[in-house]
Amino acid sequence: MSSDTITSPVTQLAEDPAELKVVPARHYARWAAGVAVIVLVAQFAHGLATNPVWEWNVFRDYVFSETIVQAVWVTLQLTAYATVLGFLLGTVLAFMRLSRSPVLSTVAWTYIWIFRSIPMIVQLVFWFNLSALYKELGVGIPFGPVFWSVDSNTLIGTIGAAIIGLTLHQAAYAAEIVRGGVLSVDHGQLEAAAALGIPRLRQIRRIVLPQAMRAILPTAGNEIIGLLKGTSVVYVMSIGELFYQVQVIYGRNGRVIPLLLVATAWYVVLTSLLSVAQYYVERRYARGANRTPPPTPIQRVRRFVAARRLAATRQLAADRRVVAARQPTEKT
């Protein structure tokens, strides 16, 4: 009695894998979402180009006007002062919070709690009206005689009040950013430095902070970008920064939309520049963890251009060889 060998389809496929037909997966939902996004972007771009309310001629007239450029400069000054002073004060507060002294730790915690609880606009208005609380500011013995005093409005002008308000507000957030970065450093680093007899201040400056920067920079960059846009709040103090000047101009001519577009364009440009600077600073401080960092966008473009040139040179050389090989044949 003979029995036939039955081979299953799975066994046949396993025996002859070369005949398998590879069918790519269909992502219909992904395709539909992509088409929908493209349609929405195209509609938005079409509206930008055809909607007369945007008034692009007004935008061109004001985007590089002297008033707007001066306002941008004021915005950059406020951002720079508040960033530098805020992170300096925030670093001090961060180490006060990490201190073993209950007094320093409590004072730093209280400062951060209060200034993170009060909206920035309230703080700015408060500092703008400081003279109502203190007519004069002086130097002297605590609870004793004053040796030197000056009028509050004379000492702290409008710009000074704005810088103080932005700095104190930023310092509360910067303190937590720096503290988080310091806590991310392995405690064994400090123990090894102490065993080598390195002074405490030098440990912080040469060992802790360089390693903590990798954790500090991403959040700090985001905070600086937020501060740049947050300077628009000082319009309540009638300071001629970007948003305030835009308001003044469209209050006179009634061109609200194109003037808001002017402010938007400048904020996008400034934010983009800060993002590029953040990328390169982060890349620099990542060298200790990543020996071979990925190429930058500029390096990628250069490599792409070099590859295209090399391919074109090789193609030209190949064409010349073909032409040179044909010439003897044609003469014959």
Side-chain angles (χ1 to χ4, degrees), residues 69-99 104 107-108 111-112 114-116 118-121 123-124 126-128 130 137 155-182 184-185 201-202 204-206 208-235 237 239-244 266-267 269-286:
V69 173
Q70 290 179 352
V72 170
W73 175 240
V74 174
T75 299
L76 290 175
Q77 285 181 307
L78 292 173
T79 304
Y81 286 130
T83 298
V84 174
L85 298 177
F87 272 90
L88 286 176
L89 179 58
T91 303
V92 174
L93 291 170
F95 284 102
M96 287 175 63
R97 278 210 63 186
L98 296 172
S99 173
L104 297 179
V107 169
Y111 177 96
I112 295 170
I114 291 176
F115 279 88
R116 288 200 304 179
I118 304 174
M120 184 189 295
I121 191 170
Q123 298 181 39
L124 290 173
F126 175 83
W127 289 106
F128 183 68
L130 181 64
L137 298 176
L155 182 63
I156 303 176
T158 305
I159 295 291
I163 293 174
I164 291 174
L166 292 172
T167 298
L168 297 180
H169 179 82
Q170 185 62 35
Y173 293 91
E176 291 298 280
I177 294 172
V178 174
R179 186 174 71 91
V182 171
S184 68
V185 179
L201 184 60
R202 191 173 183 182
I204 296 173
R205 184 169 54 89
R206 300 298 298 271
V208 176
L209 285 180
Q211 296 183 65
M213 289 299 289
R214 292 186 63 246
I216 292 173
L217 282 173
T219 312
N222 187 58
E223 193 67 25
I224 294 171
I225 290 174
L227 177 62
L228 170 68
K229 297 179 291 185
T231 55
S232 60
V233 181
V234 303
Y235 80 92
M237 306 170 70
I239 295 177
E241 50 81 42
L242 180 58
F243 183 62
Y244 177 80
W266 274 109
Y267 281 124
V269 170
L270 297 177
T271 301
S272 302
L273 293 176
L274 287 177
S275 299
V276 172
Q278 177 186 351
Y279 171 79
Y280 282 100
V281 174
E282 288 183 11
R283 179 183 173 85
R284 176 177 177 81
Y285 279 96

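Since we're looking at a predicted model, the values are computed, not measured.
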If you define the side chain from C-beta out and look only at heavy atoms, does anything of [X] sit under 4.5 Å from [Y]?
X: Arg179; Y: Leu93; result: no
X: Val234; Y: Tyr244; result: no
X: Thr83; Y: Gln170; result: no
X: Tyr81; Y: Ile159; result: no
X: Gln77; Y: Glu241; result: no
X: Met120; Y: Leu166; result: yes
X: Arg116; Y: His169; result: no

How far does [atom1] of [X] sit from [atom2] of [Y], to the nearest 0.5 angstrom?
X: Thr167; Y: Trp127; atom1: OG1; atom2: CH2; answer: 10.5 Å
X: Ile163; Y: Thr231; atom1: CD1; atom2: OG1; answer: 11.5 Å
X: Leu78; Y: Leu227; atom1: CG; atom2: CG; answer: 8.5 Å
X: Tyr173; Y: Ile112; atom1: OH; atom2: CD1; answer: 11.0 Å
X: Ile164; Y: Leu124; atom1: CD1; atom2: CG; answer: 11.0 Å
X: Leu76; Y: Trp73; atom1: CG; atom2: CH2; answer: 7.0 Å

Donor-acceptor pair, side chain of [X] and main chain of [Y], under 3.5 angstrom:
X: Tyr111; Y: Leu168; value: yes
X: Ser184; Y: Gly181; value: yes
X: Gln123; Y: Phe115; value: yes
X: Thr75; Y: Leu242; value: yes
X: Ser99; Y: Phe95; value: no
X: Ser232; Y: Lys229; value: yes

If you compare all heavy atoms of [X] against all heavy atoms of [Y], which two are closest, and at what distance to 0.1 Å?
X: Ala212; Y: Val185; value: N-CG2, 3.7 Å
X: Val72; Y: Trp266; value: CG2-CD2, 3.6 Å
X: Ile239; Y: Ala162; value: CD1-CB, 3.4 Å
X: Val178; Y: Ile216; value: CA-CD1, 4.0 Å
X: Ala174; Y: Gly86; value: CB-O, 3.9 Å

Practice task
May I ask you to check whether over 12 heavy atoms, not counting those of Arg205, lie within 6.0 Å of atom CZ?
Solution key: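 Yes - once you tally the heavy atoms of other residues, nucleotides and ligands closer than 6.0 Å, there are more than 12.
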Exercise for the section: Please say whether more than 12 non-hydrogen atoms of neighbouring residues, nucleotides or ligands are located less than 6.0 Å from OH in Tyr235. Expected result: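 Not buried by this count: 12 neighbours or fewer within 6.0 Å.
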Exercise for the section: Using a strict cut-off of less than 4.0 Å between a Lys/Arg side-chain nitrogen and an Asp/Glu carboxylate oxygen, indicate whether Glu282 and Arg214 qualify as a salt bridge. Expected result: no
Completion exercise
Applying side-chain contact (heavy atoms from CB on, under 4.5 Å) to Val276 and not counting sequence neighbours gives Tyr280
